[in-house]
Amino acid sequence: MLGVAIGFAPPIRAEDRAPAPGRSDGSAFKEHLRRAKRARAQGRWAEAAGAYKAAFEAADLASATDRERAEIAGELGLCELALRNYRDAAEHLAWSLELGLEHHDALSPAQYERFSEGLRKAEPFVGTLIVAVDPPDAEVIVDGTPRGRTARTHRLFLDPGRHVVRARATGREEALHVIQAVAGARHEIATVLPRAAASSAKETAPAKPKPVSAAPAARAEAPGPLSSWPGTLRIAGIGLTTATASFGVLFMVHARAADGDLAELNGKLDDLGVTSWACRDPSPPAMCSELSRLRRQRDQFAALGTGLVVASGVLGAATIASFFTELGLGQAEPRRDSVALSPMAAPGQIGLVAHGVW
């Protein structure tokens, strides 16, 4: 019985006893990559994106090179761009380009151009967030998802809307910032995490995040007697500019009409044989007095019209310049509270975003 059992037992192979490390990971990585390239060539973007993502996740286990990682991330970003997944596309394309710049041989010139063009197409649909944090090993968390560490400056891409950004590091107080991301806009956050205060008792509860953007509410000061002057002066400037320009044009029209009457009267005098020298005689014809009156009227209207038009130009220039300067009459220091309007455009909508500090 022992001999029969030994005779029918299958031989033990070296591969079964000790499989080669990394063979399954490397073969899986190459299989994902082949499937991704085949699906991309046939225009099946969803399948290609899934295969490139699987290859991207298996790249570390398969010990892929920097060139392979940069190429996979860029191709994955282009597939996500075709699927209109703009945030993930911008993230992967930017990561690929950064790796290509860090390792000069990671991307070919053609790949660098394709991935850069893809990033330019994705950026108008997402908000770009630049986070500068100190210390550089602080962890950045967006909406509860860690987005990296060990970088003094982070470039992140966000879907349009409200987002909560936190930064934390060991032995430091947390910082919190709430932003309203706008498609195609660039947002910046500069954060310095202060050292946590030493405590004699050991605390196990996490420290309460400290808002960065929140500032202590300042007591509202009573407005000065001249605080409303800038707006009033601008309104008055607009009104005076319009009025002087209108009257100037009106006087110039009257001057033109008087000039026409003067030309007509000169024609009649010519028909009667009366020369301009005849009006200088001691006893000039009766029509010469009318000629002198029309000439004075024309000159007066022309001078008034020209002066008012010039004055309206000066007032208009001063009014426009006031919008680019701060009139601080009656104020001890410049006003810090302000509201700004920024244009916003997104697929299917366009408008203004009001933001400011109170």
Side-chain angles (χ1 to χ4, degrees), residues 15-16 18-129 139-151 154-161 163 181 183-184 347:
E15 292 81 2
D16 298 332
R23 175 179 295 183
S24 60
D25 295 333
S27 60
F29 169 74
K30 293 179 180 178
E31 178 60 28
H32 291 318
L33 198 55
R34 282 194 297 268
R35 187 162 54 91
K37 292 180 179 180
R38 185 169 56 251
R40 183 199 61 184
Q42 296 175 359
R44 301 197 303 269
W45 301 112
E47 181 181 350
Y52 273 122
K53 187 174 182 180
F56 185 72
E57 294 172 352
D60 292 335
L61 298 176
S63 300
T65 63
D66 293 328
R67 184 182 185 88
E68 290 174 331
R69 291 189 180 93
E71 180 181 358
I72 292 171
E75 296 295 346
L76 174 57
L78 293 180
C79 293
E80 290 167 337
L81 179 63
L83 296 172
R84 298 184 180 181
N85 189 358
Y86 299 112
R87 190 193 68 81
D88 291 341
E91 290 279 358
H92 289 120
L93 289 168
W95 188 88
S96 173
L97 293 172
E98 289 174 2
L99 186 61
L101 291 176
E102 183 178 355
H103 304 278
H104 300 290
D105 58 343
L107 292 176
S108 65
Q111 288 175 332
Y112 189 86
E113 182 63 28
R114 287 177 58 234
F115 298 160
S116 299
E117 180 65 21
L119 182 59
R120 285 193 293 269
K121 291 180 180 179
E123 283 181 334
F125 298 95
V126 296
T128 303
L129 175 63
E139 184 179 21
V140 177
I141 303 172
V142 179
D143 298 332
T145 303
R147 302 295 289 271
R149 60 168 70 232
T150 66
H154 301 261
R155 181 172 66 158
L156 307 175
F157 298 96
L158 305 175
D159 291 321
H163 298 276

Under 4.5 Å between any side-chain heavy atoms of [X] and [Y], yes or no?
X: Val126; Y: Leu158; value: no
X: Glu71; Y: Glu68; value: no
X: Arg84; Y: Tyr86; value: yes
X: Phe29; Y: Ile72; value: yes
X: Thr128; Y: Phe157; value: yes
X: Leu107; Y: Arg67; value: no

Minimum-distance pair of heavy atoms, taken over all atoms of [X] and [Y]:
X: Leu93; Y: Gly77; value: CG-CA, 3.9 Å
X: Ala106; Y: Gln111; value: O-OE1, 4.3 Å
X: Ala73; Y: Ser96; value: CB-CB, 4.0 Å
X: Leu33; Y: Tyr52; value: CD1-CE2, 4.0 Å
X: Ala183; Y: Pro160; value: CB-CG, 3.8 Å
X: Leu81; Y: Ala122; value: CD1-CB, 4.0 Å

Measure the [atom1]-[atom2] distance between [X] and [Y] for me, rounded to the nearest 0.5 Å.
X: Arg40; Y: Trp45; atom1: CZ; atom2: CH2; answer: 7.5 Å
X: Asp159; Y: Asp143; atom1: CG; atom2: CG; answer: 9.5 Å
X: Arg34; Y: Lys30; atom1: CZ; atom2: NZ; answer: 8.0 Å
X: Thr145; Y: His163; atom1: OG1; atom2: NE2; answer: 11.0 Å

Answer yes when Arg155 and Glu98 have at least one side-chain N-carboxylate O distance shorter than 4.0 Å, and no when they do not.
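Judged by the 4.0 Å cut-off on N to carboxylate O distance, Arg155 and Glu98 do form a salt bridge.
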
Salt bridge or not for Glu75 and Arg114, using N-O below 4.0 Å?
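A salt bridge is present here (some side-chain N lies under 4.0 Å from a carboxylate O).
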
Those residues that, when tested against Glu57, pass salt bridge (charged side-chain N to carboxylate O under 4.0 Å, His left out) (two or more places apart):
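Once residues adjacent in sequence are excluded, Glu57 has no partner under the salt bridge (charged side-chain N to carboxylate O under 4.0 Å, His left out) criterion.
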
Verify the ring-centre separation between Phe56 and His92: is it less than 6.0 angstrom?
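They qualify: ring centres under 6.0 Å apart.
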
Run Glu91 and Arg147 through salt bridge (charged side-chain N to carboxylate O under 4.0 Å, His left out) and show every step you take.
CA-CA 11 Å; Glu91 290 279 358; Arg147 302 295 289 271; 2.3 Å; yes

Test log, rule salt bridge (charged side-chain N to carboxylate O under 4.0 Å, His left out), inputs Glu47 and Lys53:
CA-CA 10 Å; Glu47 181 181 350; Lys53 187 174 182 180; over 6 Å; no

Tell me, with the steps shown, if Ile141 and Glu139 meet side chain to side chain contact (heavy atoms under 4.5 Å, CB included).
CA-CA 6 Å; Ile141 303 172; Glu139 184 179 21; 4.2 Å; yes

Kindly check if the number of other-residue, nucleotide or ligand heavy atoms within 6.0 Å of CZ (Arg120) is above 12?
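Atom CZ in Arg120 is packed in, count exceeds 12.
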
